[in-house]
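Just so it is clear, the structure is predicted and the values come from calculations on it, not from any experiment.
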Amino acid sequence: MMERKRRSPNAVGAPIRKKDAEALVTGKPVYTADIAPKDCLCVKLLRSPHAHAMIESIDVSRAKAAPGVACVLTWEDVPQVRFTQAGQTYPELSPHDRLILDRHLRCVGDPVAIVAAQTERQALAAMKLIRVRYSVLPAVLDAREAMDNPVVLHPEEDWRALVPCGADNRRNLVAQGVESDGDVDAELAACDVVLEREYATRANQQAMMETFRTFARTDAYGRLEIVSSTQIPFHVRRIVATALQIQPSRVRVVKPRIGGGFGAKQTAVSEVYPAIVALKTGKPAMLVFTREESMTVSSPRHAMRMRVRLGAMRDGTIRAIDLHTLSNSGAYGEHGPTTVGLSGHKSIPLYTHSLRAFRFAWDVVYTNTMSAGAYRGYGATQGLFAVESAVNELAHELGMDPIALRERNMVREGEVMPAYYGETAASCAVDRCLARAKEMIGWEEKYPARTLENGHIRAVGAALAMQGSGIAGVDTGAVSIRLGEDGCYNMSIGATDMGTGCDTILAQIAAQSLDCPVESISVHGVDTDASPYDCGSYASSTTYVTGMAVVKTCEVLREKITRAGATLLGCDVREAEFEGDGVRAPDGALMPLGEIAAQSMTAQTGELSACVANGSPVSPPPFMAGCAEIDYDPETGEVKVVDYAGVVDCGTVVNPNLARVQTEGAILQGIGMTLTERPEVDARGRTVSNSFMQYKLPTRLDVGSIRVAFEPSYEQTGPFGAKSIGECVINTPAPAICEAIYNACGVRVRELPVTPEKLLLGVRT
């Protein structure tokens with residue numbers, strides 16, 4: 001009999017250190033490049049210098065004969081089957097509009113040829129020997145000119161949209177649609193005040209520390225093994241199989257530790273190229289994007305232009321919202337039909353309490369610019385910048401305090417949200433979030449602005465945000481847990497920890513469910529051959545969707561353990577009790593967990609294990625209130641964020657430490673999007689902000705205080721009441737800071753980023 005283990009205190013809610021913390025801080029070889037075979041071929045991509053062109057001819061003979069070259073591939077050497085790189089559940093909403101290599105080049109950086117050599121120097125030298133003759137075509141770079149433009153990006157007959165979403169490749173349309181509830185035009189006509197404004201955001205980069213990278217090899221059975229820094233291992237398996245025209249069962253995808261993703265790695269940007277080299281040569285091959293490639297040929301946030309009309313009464317009651325979003329998907333349609341929906345579905349519902357009608361329309365278009373993708377917030381960030389800025393402008397129009405205006409109109413717990421797929425705000429503490437953020441920033445004393453002795457102006461601004469928790473009716477996650485012979489548990493997951501700590505979070509949920517210490521839960525990362533299926537880490541799904549799969553799996557496993565323990569104790573299973581460290585009989589006798597495990601492994605019943613999948617018909621939104629205090633220098637136009645108070649309702653906070661750093665990091669990203677990050681495309685379609693010298697990311701030293709607090713609610717459908725947190729927390733800085741800037745200098749910036757030039761010119765005109 002094993003010694004009885006001490007029961008663990010509550011694991012959920014405890015600030016437990018990340019399970020991989022020691023490995024990461026001690027430099028263990030855990031990332032893709034660390035574990036790649038030393039003899040990997042170096043894969044490089046020759047890329048188009050033109051925004052729009054056709055390849056007339058390509059000569060690779062000299063490159064193939066160059067020293068160390070293993071293969072050179074052009075469009076003639078690869079399958080000509082269209083696919084999408086978007087990591088989405090099949091059938092993907094994103095159109096199948098890509099080829100591995102194509103004669104028709106649609107943006108600067110489109111791949112022209114794949115070169116693989118023994119060393120990077122040899123691969124780069126071979127690329128210079130390739131001779132390409134291009135026929136340059138007219139390009140459309142402005143999303144406002146794309147729809148029905150004579151320049152058609154995808155005229156091909158084999159272009160496919162698997163799901164109806166208003167797409168029409170002949171019109172350069174990736175998606176188009178409209179949703180409404182009530183009579184918007186009648187409500188606007190009846191309102192005392194109607195405010196109409198247009199706002200715009202740019203194609204911001206995720207700028208994760210680890211660039212895109214993948215290595216691939218074939219095993220002894222001819223199967224393709226892909227090791228990649230990805231958020232979507234199971235989707236990568238399907239995407240690569242589709243592109244290469246092989247069975248998914250011939251593809252194995254392994255996910256090591258990830259050096260950041262923020263949504264960029266929800267797109268299979270790098271995987272297919274080393275995969276086809278490995279198949280063609282039989283040798284391991286690795287592709288590592290340079291920082292320049294990650295900045296110029298990757299999957300940034302969709303640039304959007306949003307036209308908002310708000311209708312309100314003089315007392316501040318918002319009656320109608322009319323939103324139109326124009327989204328620039330770039331040269332390909334990855335995530336185009338899906339990101340645009342969040343611009344309305346995650347902004348309009350915030351004002352459900354008073355809203356009588358809404359209309360949300362959208363157009364997503366192709367242009368000859370870098371293809372866009374997923375970035376934390378996934379369209380909600382853009383939409384909330386527009387709607388929350390419009391609400392702030394409405395407050396000034398009505399002569400009201402912007403927080404008071406929100407208090408009058410914001411959604412309350414229990415209210416049905418027609419603009420959020422008809423879901424009910426079953427858990428909602430946004431009112432408490434706003435009240436606490438207002439108190440933390442000192443709103444009553446600081447609003448709207450005050451002048452300091454040095455002539456600088458301090459001002460404050462506020463905003464609300466909401467997001468979702470997975471994709472309702474679509475996302476699914478599963479976990480398998482087995483009881484080891486020492487009485488500890490091995491948990492295998494298909495969810496992807498990309499630095500957020502989901503391995504730790506899921507272990508905490510399992511420990512809470514199994515009444516054991518977190519140290520008793522070993523977590524094994526993703527291998528599509530061995531892990532249970534999970535859609536991946538995106539859409540703020542892991543804690544809510546996969547976390548509930550953990551709870552359900554533990555319930556089944558507890559029942560199995562109790563039954564096995566009762567058999568060993570010789571008592572009725574209905575009278576036995578699971579106690580975390582064993583099973584207790586009615587007479588008080590305890591059968592230790594380790595003994596139950598050992599006995600089960602020698603009996604006909606076999607190892608005690610369980611695997612349960614989970615999906616949800618709803619996607620309960622987390623909420624956030626953010627208040628910014630800025631310092632404005634009227635002589636230089638410089639803006640600094642000196643204080644930011646963010647208060648979050650993510651249901652039950654599973655791990656306060658991880659939730660706090662998630663929130664702090666996202667707020668900093670939002671500040672960068674607002675003030676310093678300037679994605680620029682020149683007249684030839686080239687992304688000129690191609691390094692961190694041009695694309696300025698703020699660091700923790702560039703802002704003052706970032707303070708975070710939590711106002712918990714309890715979500716009945718989530719694990720121990722938890723909802724998501726990962727994306728919601730990036731959404732308030734842009735509208736809150738722009739409002740503070742207006743209060744400081746009277747200049748309303750409606751297109752990000754805010755620059756000193758815009759403010760000084762605005763003041764002077």
Side-chain angles (χ1 to χ4, degrees), residues 11-12 19 87-92 230-239 241 248-249 251-256 258 266 468-484 488-498 500-514 518 521-561 606-620 654 715 717-720 722-724 726:
V12 169
K19 280 188 166 288
Q88 299 173 314
T89 299
Y90 185 86
E92 307 98 334
T230 177
Q231 299 172 220
I232 48 164
F234 285 93
H235 292 331
V236 164
R237 180 177 64 179
R238 183 188 71 248
I239 292 166
S249 59
V251 182
R252 174 191 180 195
V253 180
V254 177
K255 187 274 315 172
I258 299 178
Q266 194 195 336
S469 300
I471 305 174
V474 175
D475 277 356
T476 182
V479 300
S480 65
I481 304 177
R482 57 189 177 88
L483 177 63
C488 293
Y489 299 93
N490 294 290
M491 181 165 67
S492 179
I493 64 173
T496 304
D497 192 329
M498 52 179 168
T500 55
C502 81
D503 288 1
T504 307
I505 293 288
L506 297 178
Q508 288 181 254
I509 293 172
Q512 185 80 14
S513 301
L514 294 168
V518 175
I521 310 290
S522 298
V523 183
H524 301 277
V526 189
D527 178 339
T528 57
D529 274 8
S531 303
Y533 178 82
D534 194 290
C535 58
S537 291
Y538 60 88
S540 299
S541 64
T542 305
T543 296
Y544 177 74
V545 175
T546 310
M548 203 62 197
V550 172
V551 172
K552 292 178 177 179
T553 301
C554 290
E555 289 173 351
V556 173
L557 185 55
R558 282 175 66 122
E559 183 179 339
K560 288 184 176 182
I561 294 170
E607 183 181 61
L608 293 170
S609 64
C611 181
V612 180
N614 177 64
S616 176
V618 296
S619 177
V654 178
E715 176 52 50
T717 63
F720 300 102
K723 299 185 286 189
S724 75

- For V254, what residues pass the side chain to side chain contact (heavy atoms under 4.5 Å, CB included) criterion, not counting sequence neighbours? E225, V227, R252, D527
- Sidechain-backbone polar pair: T504 side chain, K19 backbone, donor-acceptor under 3.5 Å: yes
- When rounded to the nearest 0.5 angstrom, what distance separates OG1 in T496 from NE2 in H235? 9.5 Å
- Can you sort out the partners of S540 under side-chain hydrogen bond (donor to acceptor under 3.5 Å, both in side chains), two or more places apart, ordered by chain and number? E727
- T230 versus I258: any side-chain heavy-atom pair under 4.5 Å? no
- Sequence neighbours excluded, which residues qualify as salt bridge (charged side-chain N to carboxylate O under 4.0 Å, His left out) partners of R238? E92
- Item | Any residue meeting side-chain hydrogen bond (donor to acceptor under 3.5 Å, both in side chains) with S619, in chain and number order, not counting sequence neighbours | Y420
- Those residues that, when tested against T543, pass side-chain hydrogen bond (donor to acceptor under 3.5 Å, both in side chains) (two or more places apart): none
- Item | side chain to side chain contact (heavy atoms under 4.5 Å, CB included) partners of K560, counting only residues at least two apart | V556, L608
- Item | K255: partners by salt bridge (charged side-chain N to carboxylate O under 4.0 Å, His left out), with sequence neighbours left out | none
- Query: Roughly how far, to the nearest 0.5 Å, is the CE atom of M491 from the SG atom of C554?
  - Reply: 7.5 Å
- Using the test salt bridge (charged side-chain N to carboxylate O under 4.0 Å, His left out), find all partners of D497 that sit at least two apart in sequence or belong to another chain. R257
- Message: Just verifying a value: how many Å separate S724 OG and E715 CD, rounded to the nearest 0.5 Å?
- Response: 10.5 Å
- Item | Gap separating the CE atom of M498 from the CD atom of Q231, nearest 0.5 angstrom | 4.0 Å
- Is there a donor in the side chain of S522 and an acceptor in the side chain of Y489, or the other way round, less than 3.5 Å apart? no
Show the atom names and distances, to 0.1 Å, of all donor-acceptor pairs under 3.5 Å that link a side chain in residues 473-482 to residues at least two apart or in another chain.
residue: D475; atom: OD2; partner: I471; partner atom: N; Å: 3.0
residue: T476; atom: OG1; partner: N614; partner atom: O; Å: 3.2
residue: R482; atom: NH1; partner: E607; partner atom: OE2; Å: 3.2

- Side chains of R558 and L514: does their closest heavy-atom pair fall under 4.5 Å? yes
- Mind checking side-chain hydrogen bond (donor to acceptor under 3.5 Å, both in side chains) for Q508 and listing every partner two or more places apart, or none if nothing turns up? N655
